[in-house]
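First the structure, in the form of structure tokens, and then the observations on it.
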Amino acid sequence: MASRETLLNIGLALLLLVLPVIANYSGEPFYVTLATRIAILSLAAVGLNLALGLGGLVSFGHAAFFGIGGYAAGILATHAFSGDPLIFGLPGTKQMLIIWIVAIAAGGLAALLIGLITLRTSGVYFIMITLAFAQMIFYFAISWPAYGGEDGLPIYVRNAFPGVNTLKPLSYFLVCYALLAVGLVLFKLFQDSRFGAALQAARQNEVRVASVGIPPYRIRLVAFVISGMFTAVAGALFADLNRFVSPSMLSWQMSGELIVLIILGGVGRLFGPVAGAALFVLLEHWLGGITERWQFFLGLILLGVVLFARGGLIGLIAGRARHG
Amino acid sequence: MAEPVLAISELRKTFGALKATDGVSLDLRPGEIHALIGPNGAGKTTLINQIAGTLKPDAGSIRFDGADIGGLGVAERARRGLGRTFQVSSLAPEFSALRNVMLAVQSVQGSSFRFFRPVMRDRSLTEPAMAALERVGLGARAHLPASELSHGERRQIEIAIALALGSKAFLLDEPMAGMGPEGSKRLTEFLDGLRAEAPILLVEHDMNAVFALADRITVLDYGRVIATGTADEIRINPEVRRAYLGDEA
């Protein structure tokens with residue numbers, strides 16, 4: 001029999017698919033865009049959830065990977081538009097599939113370099129050093145005039161996906177939704193695998209993991225790299241949604257937002273990021289329409305979750321997490 | 001005489017002015033239980049920590065299974081067959097007893113970098129782990145989270161983990177602590193049989209268990225070895241009586 005959490009997850013997945021389709025055919029394309037935002041932020045947070053939820057690695061610098069993915073899309077599209085070669089005479093591209101691969105590779109490489117250093121620390125030091133690295137990349141982007149600097153970089157026409165008209169809001173939503181689905185399936189597989197067992201055990205008790213002969217550092221490093229890859233591909237999607245990349249994607253506020261999404265939805269829970277992103281985006285839309293100070297109310301909700309519902313929305317509805 | 005499985009020589013470790021380990025040499029031979037006793041603060045756990053690799057000695061050598069392991073980390077020493085239990089149980093609290101032991105099985109089988117196959121449906125992991133838990137008498141409680149088990153049961157999980165590791169030597173740090181008399185008696189019988197599988201370096205305060213089990217006993221006081229010998233030799237050693245045993249033995 002399926003557990004309560006599984007049923008809840010299936011319900012959330014269906015809602016996120018069906019509502020935008022209904023909105024689209026009732027002439028409300030704006031809600032399709034809202035749902036696309038939810039799907040993309042969910043994917044970015046699924047990435048962070050691997051490191052933070054399963055591995056206990058509270059990265060306050062995941063905007064770095066989100067932004068790197070965004071700039072990968074922006075820079076490749078810019079070169080495709082202008083016809084100037086990128087490096088080594090290679091051209092830019094408008095193909096999302098290639099852009100995603102570049103984003104994943106760049107995000108993974110950045111996560112490897114950052115992880116090699118930051119994972120030697122833990123606790124507050126880890127939080128601060130991941131933040132420091134993300135800020136370095138943020139200031140680099142601001143001061144690099146070739147790709148817009150502070151003003152950011154426009155993507156004039158949304159990049160292409162074979163067989164799909166990505167300019168139609170619903171089509172682009174479905175592309176993002178499909179990628180989110182792939183991300184969630186991979187997260188679930190990793191969570192239940194040997195790798196996931198070692199990663200989650202290292203969060204609970206590092207000494208125990210080392211004492212059975214598994215080196216926690218290497219496990220965490222691989223988790224951090226995969227986590228960065230997920231968040232980077234979400235960044236590329238986000239850039240294409242807005243048809244614009246700017247240093248704000250790399251900002252510490254963005255890193256904080258990703259953490260907030262996970263806490264709202266449920267740390268380490270498969271659909272925590274989806275529930276959190278949906279709540280966040282809908283609050284931003286509804287409360288933001290009533291008052292500019294909507295984040296005050298977000299703060300209150302966050303406070304309530306931290307004090308009274310540690311498992312986030314998912315935990316509130318489906319109860320505590322269980323491990324075999 | 002058989003080559004010792006574990007041999008430490010002239011090990012030294014100081015914390016500031018405190019000589020926690022002061023030129024300790026001892027060895028562990030195949031098939032024996034070697035008990036390490038001494039008053040609180042004598043440096044028993046510090047010594048175990050240096051053998052297992054959690055602490056780095058200032059000087060001295062540690063040979064295990066024919067190789068110098070002094071430069072290796074905790075994980076590598078465990079992979080080579082040093083099975084260690086902790087004075088205060090150290091488990092993954094959210095995981096079930098079974099999953100705690102499965103972690104050891106997975107380590108023995110090689111890489112933890114396998115990303116797709118669910119562990120709970122992998123009988124090559126669950127079966128050996130269950131077998132180890134049944135050996136320590138915890139089969140019926142295998143699916144409860146470690147945090148919900150009693151103190152004594154958590155110690156049993158630690159021993160099951162060391163068994164599942166297929167250890168070539170066991171370092172047991174006060175395995176009887178927190179167990180009732182019945183539990184201690186069962187564990188004593190169990191360890192008695194275990195020595196045939198791999199030798200045991202046993203730190204223990206329960207003198208009944210120590211005198212019942214130990215082939216040899218080493219007594220530590222202020223980081224130094226003050227005596228080594230058979231149970232009978234230690235029982236009558238005047239220095240040991242003064243430092244530790246008092247008149248109870």
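What you are looking at is a predicted structure, and each value in this text was computed from that prediction instead of being measured. Here is how names work: the chains are called A, B, and so on, in the same order as the sequence lines, proteins then strands, and each is numbered from 1.
Options A:Q204, A:K188, A:Q191, A:R208 differ in how many heavy-atom pairs under 4.5 Å they form with chain B, and the most are formed by A:Q204. Here A:A210 is the residue among A:P216, A:A210, A:P215 with the most heavy-atom pairs under 4.5 Å with chain B. Chosen from B:A78, B:P118, B:S90, the residue pairing most often with chain A at heavy-atom distances under 4.5 Å is B:S90. For the options B:E158, B:R79, B:Q106, heavy-atom pairs under 4.5 Å to chain A are most numerous at B:Q106.
Between A:F190 and B:F115, the angle of the ring planes goes over 60°, which puts this pair in the perpendicular group of the 30/60° scheme.
Note that OG of A:S211 and CZ of B:R84 are 6.0 Å apart. Values are rounded to the nearest 0.5 Å.
Side-chain atoms of B:S107 come within 3.5 Å of backbone atoms of A:V212 as a donor-acceptor pair (strictly under, hydrogens ignored). In this structure, the side chain of B:S112 does not engage the main chain of A:F195 through any donor-acceptor pair within 3.5 Å.
Between A:L189 and B:F116, the shortest heavy-atom distance links the atoms CD2-O, 3.5 Å.
Residue contact with chain A, scored on non-hydrogen atoms closer than 4.5 Å, involves the backbone and the side chain of B:L103 alike. Of the atoms belonging to A:L199, not a single heavy atom falls under 4.5 Å from chain B. If you measure heavy-atom distances from B:E76 to chain A, you find no contacts under 4.5 Å at all. Residue B:I161 touches chain A through its side chain alone, counting heavy-atom pairs closer than 4.5 Å. Looking at B:R117, the atoms closer than 4.5 Å to chain A (heavy atoms on both sides) all sit in the backbone: N, CA, C or O. Residue A:R218 touches chain B through both its backbone and its side chain, counting heavy-atom pairs closer than 4.5 Å. Looking at B:A104, the atoms closer than 4.5 Å to chain A (heavy atoms on both sides) sit in the backbone and in the side chain alike.
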Open item on the list: For A:D192 and B:R121: C-alpha separation, side-chain torsions, deciding distance, then whether salt bridge (Lys or Arg N to Asp or Glu O under 4.0 Å) applies.
Closed with: CA-CA 10 Å; A:D192 292 344; B:R121 272 183 248 147; 5.9 Å; no

Task: Verdict with supporting geometry, A:R194 and B:Q109, side-chain contact (heavy atoms from CB on, under 4.5 Å) - done: CA-CA 11 Å; A:R194 293 182 182 212; B:Q109 288 183 3; 2.9 Å; yes

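The shortest distance between side-chain heavy atoms of A:Q200 and B:E94 does not fall below 4.5 Å.
The number of heavy atoms from other shown groups lying within 6.0 Å of CZ (B:F113) is above 12.
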